[in-house]
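Here's the structure, in structure tokens; my notes come after.
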Amino acid sequence: MGRKIEMKKIEEITKRQVTFSKRRSSLIKKAEEIAVCCDVDVFFVAFSPSGRISKFCSQKSIEDMIHRYINLPVERRLTHIADVQEKVEKLRHLNHIKGDVSKIHFLEKQFVSLSILFHLINFLCH
């Protein structure tokens with residue numbers, strides 16, 4: 001098993017860039033593995049702090065994958081946002097983790113990222 005890493009921003013810029021590069025490569029490999037082994041369509045995109053894009057798409061066209069997502073009914077697109085929002089609310093109500101705010105911050109960032117993605121897709125659709 002891997003070691004536990006605290007979920008927080010890496011403050012040292014060089015270390016953050018090296019970590020991003022290594023993890024990006026690992027994520028792309030995993031995306032390809034799950035696409036091949038499980039016969040599923042996978043789309044992955046990441047923007048580096050400098051704005052460079054890294055992407056993987058198991059299909060011929062990234063645009064086709066984006067259109068498939070856009071064409072989903074809104075309630076199916078929002079399920080992830082609702083799940084994350086629900087988890088954040090549950091964590092806020094748990095008194096015994098008051099000292100462990102990193103989990104709440106992590107989930108809040110996920111919710112904000114998904115909300116931004118949703119708004120961007122809606123903007124592109126209209």
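- Qualifying side-chain contact (heavy atoms from CB on, under 4.5 Å) partners for S61, counting only residues two or more places apart in sequence or in other chains: E63, D64.
- Applying the side-chain hydrogen bond (donor to acceptor under 3.5 Å, both in side chains) test to S58 and every residue at least two apart in sequence or in another chain returns nothing.
- For residues 27-46, every residue pair satisfying the salt bridge (charged side-chain N to carboxylate O under 4.0 Å, His left out) rule, not counting sequence neighbours, is listed here: K30-E33, D41-R68.
- Hydrophobic clustering keeps V18 apart from F20 (ILVMFWY residues linked when any side-chain heavy atoms are closer than 4.5 Å, directly or through intermediates).
- For S21, the side-chain hydrogen bond (donor to acceptor under 3.5 Å, both in side chains) partners at least two apart in sequence or on another chain are R24.
- Residues passing the side-chain contact (heavy atoms from CB on, under 4.5 Å) test with T19, sequence neighbours excluded: I10, K15, R23.
- Under a 4.5 Å side-chain heavy-atom cut-off, the cluster of Ile, Leu, Val, Met, Phe, Trp and Tyr residues that includes L27 is completed by I28, I34, V40, V42, F44, F56.
- Across all their heavy atoms, Q59 and M65 have their closest contact at CG-SD, 3.5 Å.
- Atom CD1 of I13 has 12 or fewer neighbouring heavy atoms from other residues, nucleotides or ligands inside a 6.0 Å radius.
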